[in-house]
Amino acid sequence: STYKQMWKEQVEIPMIIEKLQKKIDTTRYNLEASEEIITETPSDVQREKLTEKNVRRQHGIAGIKKEIHDIEKALEK
């Protein structure tokens with residue numbers, strides 16, 4: 001029904017966006033923390049692993065941002 005759809009958009013969508021934003025915040029925190037570890041780690045292997053993981057984190061953040069953008073764009077219709 002129309003009422004159910006309105007309720008879903010008004011309640012569930014903002015909750016989904018909030019969860020996605022929290023994922024971005026958590027990932028950014030992990031990214032920053034690992035950057036500090038990278039500067040303090042003497043092991044080249046460990047630095048390389050963390051650097052590769054940070055690239056994946058950056059891609060993850062970009063993907064989540066796109067997902068939020070897509071949801072917001074769909075709501076405009």
Side-chain angles (χ1 to χ4, degrees):
S1 73
T2 304
Y3 177 75
K4 262 188 169 177
Q5 186 62 30
M6 280 179 34
W7 182 86
K8 187 174 188 170
E9 286 181 7
Q10 289 179 350
V11 176
E12 290 185 15
I13 301 294
M15 287 172 46
I16 292 168
I17 290 173
E18 184 179 334
K19 284 182 182 181
L20 291 171
Q21 189 59 53
K22 283 183 182 179
K23 281 185 178 182
I24 289 174
D25 294 343
T26 301
T27 304
R28 277 192 179 135
Y29 174 82
N30 291 339
L31 187 67
E32 291 170 10
S34 67
E35 287 293 338
E36 281 185 37
I37 294 169
I38 288 170
T39 62
E40 298 171 6
T41 300
S43 167
D44 289 340
V45 174
Q46 187 67 17
R47 273 198 309 271
E48 187 175 327
K49 284 182 181 181
L50 287 172
T51 301
E52 289 171 5
K53 196 167 192 173
N54 281 350
V55 169
R56 290 192 300 274
R57 286 179 174 132
Q58 290 168 339
H59 287 217
I61 289 171
I64 296 169
K65 283 182 175 181
K66 183 182 181 324
E67 190 173 347
I68 290 172
H69 175 74
D70 292 348
I71 291 169
E72 290 172 342
K73 195 169 184 178
L75 289 176
E76 290 175 2
K77 293 180 180 178

State the [atom1]-[atom2] distance between [X] and [Y], to the nearest 0.5 angstrom.
X: I64; Y: H59; atom1: CD1; atom2: NE2; result: 13.0 Å
X: K49; Y: S34; atom1: NZ; atom2: OG; result: 14.5 Å
X: I68; Y: I16; atom1: CD1; atom2: CD1; result: 11.0 Å
X: I61; Y: R28; atom1: CD1; atom2: CZ; result: 5.5 Å

My understanding is that only residues two or more places apart in sequence, or in another chain, count here; which of them pass salt bridge (charged side-chain N to carboxylate O under 4.0 Å, His left out) with [X]?
X: E18; value: K22
X: R47; value: D44
X: K19; value: none

Problem set entry | Contacts of type side chain to side chain donor-acceptor pair (under 3.5 Å), residue D25, not counting sequence neighbours | Q21
Problem set entry | Transitive ILVMFWY side-chain link L20 to I13, under 4.5 Å | yes
For this session: Starting from I37, walk the hydrophobic network (Ile, Leu, Val, Met, Phe, Trp, Tyr; side-chain heavy atoms closer than 4.5 Å) and list everyone else you reach, by chain and number.
Result: I38, L50
Exercise. Under the salt bridge (charged side-chain N to carboxylate O under 4.0 Å, His left out) rule, what pairs show up with a residue in residues 51-61, not counting sequence neighbours?
Worked result: none
Exercise. Counting distance only, does the side-chain N/O of T26 pair as donor-acceptor with the main-chain N or O of K23 below 3.5 Å?
Worked result: no
